[in-house]
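Quick notes on the structure that follows.
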2 protein chains.
Amino acid sequence: MSTTTPTTTSTAGSKAVSTTASVPLTAKTRAAAPSAATTQTNWQSVRDEVLRRIHTREWKPGDQIPKEVELAEELGCARATVNRALRELAAEGFLDRRRKAGTRVATHPVRRAKLDIPVIRLEIEGRGQKYAYGLLYSERRTPPPEICTNLGVTPDNDMLHITSLHLADGKPYMFEERWVSVAATPQIADADLSKISANEWLVLHAPYTKGDISFSAVLASDTEARILRTHKDAPLFLIERTTWEGENGITSARLLFAPGYRMHSAI
Amino acid sequence: MSTTTPTTTSTAGSKAVSTTASVPLTAKTRAAAPSAATTQTNWQSVRDEVLRRIHTREWKPGDQIPKEVELAEELGCARATVNRALRELAAEGFLDRRRKAGTRVATHPVRRAKLDIPVIRLEIEGRGQKYAYGLLYSERRTPPPEICTNLGVTPDNDMLHITSLHLADGKPYMFEERWVSVAATPQIADADLSKISANEWLVLHAPYTKGDISFSAVLASDTEARILRTHKDAPLFLIERTTWEGENGITSARLLFAPGYRMHSAI
DNA sequence: AGTGTTATTATGTACGTACATATTATATTT
DNA sequence: AAATATAATATGTACGTACATAATAACACT
């Protein structure tokens, strides 16, 4: 900082060059000196300090906070470090940043819940339950109109219609009804979908560029109730997913969860 | 700016110094030369190129990808740039990175759906509908046991019990039942909760450090059905939220959405 | 063969400099 | 006063260097 320093040449040189093998003495010392765990003048510290000031209402929603250079100076680190911290906080919705206008505490902190959507098998096994899977039905046929609309394919498209049941500790957990475009992923015709679920097969073999997911509550139909071993009109949690590779619709699925299912997330 | 640069020395100097006012000629040229939009040798390009290779299955799930220095060389940028791109992709679940072990394409791409959880008012207004809000009930009382457990407070805690209804275009949209710890946010006692929803008031005045959210499907009770102007045993989408400031429970809420509600997200 | 120690290595991150870009603020012209 | 050009400024990002850290690989030793 303060620039010029005509003789110093390369930026961080003063730290490591002259003093040969000595421990760096500048900002780094503060970081290394404290004993135990994560006490460093790093970007995480900056993030935490900023968060602290927001939570203590030292900086209130709508307030403009000091500019990067000022914060960097105050906290004893480089602007890049402050930048990284503030960038993360902005991405999480705590801050609003605009060039020239500066950085403000978000007035409507749109909290971004990060929903991990894992493969069902891993979700179940992750809870220490035994996963099982059964293929109920699999057939190649032309899709109904609403699926065509969803995926943006023509009605004569060659598709695979699959229904299957996922079980946790032997109990029905999720009922999956899925349409897969054979044109988009020809190899699935050869896959043994009684061994591996279509869900998991697709994750491994058909990466997508665009996906859409929606969550809602529905009543169990007769069939669905029988399969999930519950009663008609039970409230079911429904996830509908559609994925595309470029413009080509790959698959569209309805995932119906047994009563009592809760999807969790921390913010 | 630029200042000084007496003998060049400083790292990127070669770019700008010698050729005076000319356009930088090295890596930057490739960036600036193409005509239209976002063609740059920046971290976004790196990210896109890596994503492309994943989608084209040039790099398959489980594969180890080149190390940062190699990619940087191949793509003509600094390692820091590659690092940023790969870091983002890892955060989104496309890559698994481990020190020394290198970077691999994620075998189970746990897609992280970013669920924006806005203030209800903004959600409704964002769709161009008219938002309205009615306070149904508000009373200070001691909470029932399950709320105490949720929030980790003692049963004698002074709390505010609030129920309210949010409407879109005059139609019931969401029924909110909420407990707020008055000890944690004393100012709420003075707020006029018939003007501003507790939801929105809390967002503005009670930032939290920890939040928990869960989604499920339930049947409408008699009361709930009446309030949401639907019939008993209708399937309702339920969001349960609890937030803490440090160790202090602030609020716990049940948000019951009218039938037909769908929560959306793109992946 | 098994165990502990020491290199080696790829990612993680901090730093300062340089420049790009989007906005806002100011000056200038009509 | 309104419109337009110009300067100022905060964030955005690229670069190279340096070092930290975690995890593996190689090695020595029993």
Side-chain angles (χ1 to χ4, degrees), chain A residues 1-5 8-17 19 21-24 26-32 38 40-47 64-72 75-88 90-91 95-104, chain B residues 1-6 8-17 21 23-24 26-32 38 40-46 64-72 75-88 90-91 95-104:
Chain A
M1 19 100 97
S2 77
T3 69
T4 63
T5 57
T8 329
T9 69
S10 111
T11 64
S14 56
K15 268 201 299 196
V17 175
T19 65
S22 80
V23 178
T26 52
K28 276 293 160 49
T29 310
R30 221 176 314 129
T38 54
Q40 295 181 55
T41 317
N42 46 23
W43 68 268
Q44 291 94 333
S45 318
V46 177
R47 180 198 56 196
Q64 185 156 13
I65 78 172
K67 54 190 83 162
E68 293 186 351
V69 270
E70 292 171 5
L71 269 178
L75 302 176
C77 61
R79 182 169 83 91
T81 308
V82 173
N83 180 275
R84 165 125 188 223
L86 298 188
R87 189 157 38 79
E88 297 254 334
L95 298 174
D96 285 334
R97 322 193 71 202
R98 269 164 59 225
R99 281 177 179 166
K100 166 77 179 182
T103 302
R104 317 186 149 264
Chain B
M1 260 311 129
S2 77
T3 72
T4 65
T5 57
T8 315
T9 65
S10 102
T11 63
S14 57
K15 269 200 299 194
V17 175
V23 178
T26 52
K28 276 294 159 50
T29 309
R30 222 173 314 129
T38 54
Q40 295 181 55
T41 316
N42 47 24
W43 68 267
Q44 290 95 332
S45 318
V46 177
Q64 185 156 15
I65 77 173
K67 54 190 82 163
E68 292 185 350
V69 271
E70 292 171 5
L71 270 177
L75 303 176
C77 61
R79 183 170 82 92
T81 308
V82 173
N83 180 276
R84 167 129 187 220
L86 298 187
R87 187 154 42 77
E88 297 254 336
L95 298 174
D96 285 333
R97 319 193 73 200
R98 271 164 57 224
R99 282 177 177 162
K100 166 77 180 178
T103 302
R104 316 186 150 266

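Below, chain A is the first sequence line, B the second, and so on; all start at residue 1.
- The distance from atom CG of A:Asn42 to atom P of D:dA20 is 14 Å, rounded to the nearest whole Å.
- Atom CG of A:Leu86 is separated from atom P of D:dT13 by 13 Å (rounded to the nearest Å).
- Residue-level contact check: A:Gln44 touches the backbone only, with heavy atoms under 4.0 Å from sugar-phosphate atoms and none from bases.
- Rounded to whole Å, the distance from CZ on A:Arg47 to P on C:dT13 is 10 Å.
- Considering only the side chain of B:Thr81, D:dC15 comes nearest among D:dC15, C:dC15, D:dT11.
- Among the nucleotides C:dG16, D:dG16, D:dT13, the one closest to the side chain of A:Ala78 is C:dG16.
- For B:Arg98, whose side chain is taken as the heavy atoms from C-beta onward, the closest listed nucleotide among D:dA23, C:dC15, D:dT11 is D:dA23.
- The phosphate of D:dT11 has neither OP1 nor OP2 within less than 4.0 Å of any side-chain N or O from A:Asn83.
- Residue B:Leu71 forms a side-chain contact (heavy atoms from CB on, under 4.5 Å) with just one option from B:Leu86, B:Thr103, B:Asn83, B:Val46, and that option is B:Leu86.
- With salt bridges taken as basic N to acidic carboxylate O contacts below 4.0 Å, none links A:Arg87 and A:Glu68.
- Using a 4.0 Å heavy-atom distance criterion, A:Arg79 is classed as a base contact.
- Looking at A:Gln64, its side chain does come within 3.5 Å of a backbone N or O of A:Ala101 through a donor-acceptor pair.
- The CG atom of B:Leu75 sits 11 Å away from the P atom of D:dC15 (whole-angstrom rounding).
- Regarding contacts with the backbone of D:dA14, every side-chain N or O of B:Arg84 stays at 4.0 angstrom or more from both OP1 and OP2.
- Taking only side-chain nitrogens and oxygens, A:Thr103 never comes nearer than 4.0 Å to OP1 or OP2 of D:dA10.
- Scanning for side-chain contact (heavy atoms from CB on, under 4.5 Å) contacts around A:Asp96 gives A:Ala106, with sequence neighbours left out.
- Which of D:dT13, C:dT11, C:dC15 sits closest to the side chain of A:Arg87 comes down to D:dT13.
- The interatomic distance linking A:Asp96 (CG) with C:dA22 (P) rounds to 18 Å, in whole Å.
- Between the CZ atom of B:Arg97 and the C1' atom of C:dA10 there is a distance of 9 Å, rounded to whole Å.
- Checking C:dT11, C:dA14, C:dT24 against the side-chain heavy atoms of A:Trp43 singles out C:dA14 as nearest.
- Distance CD (B:Glu88) to C1' (C:dT11): 16 Å, rounded to an integer number of Å.
- Here D:dA22 is the nucleotide among D:dA22, D:dT11, C:dC15 with the atom lying nearest to any side-chain atom of B:Lys100.
- Going from atom CD of B:Gln64 over to atom P of D:dT24 covers 12 Å, rounded to whole Å.
- The closest side-chain heavy-atom distance from B:Arg84 to A:Arg84 is not below 4.5 Å.
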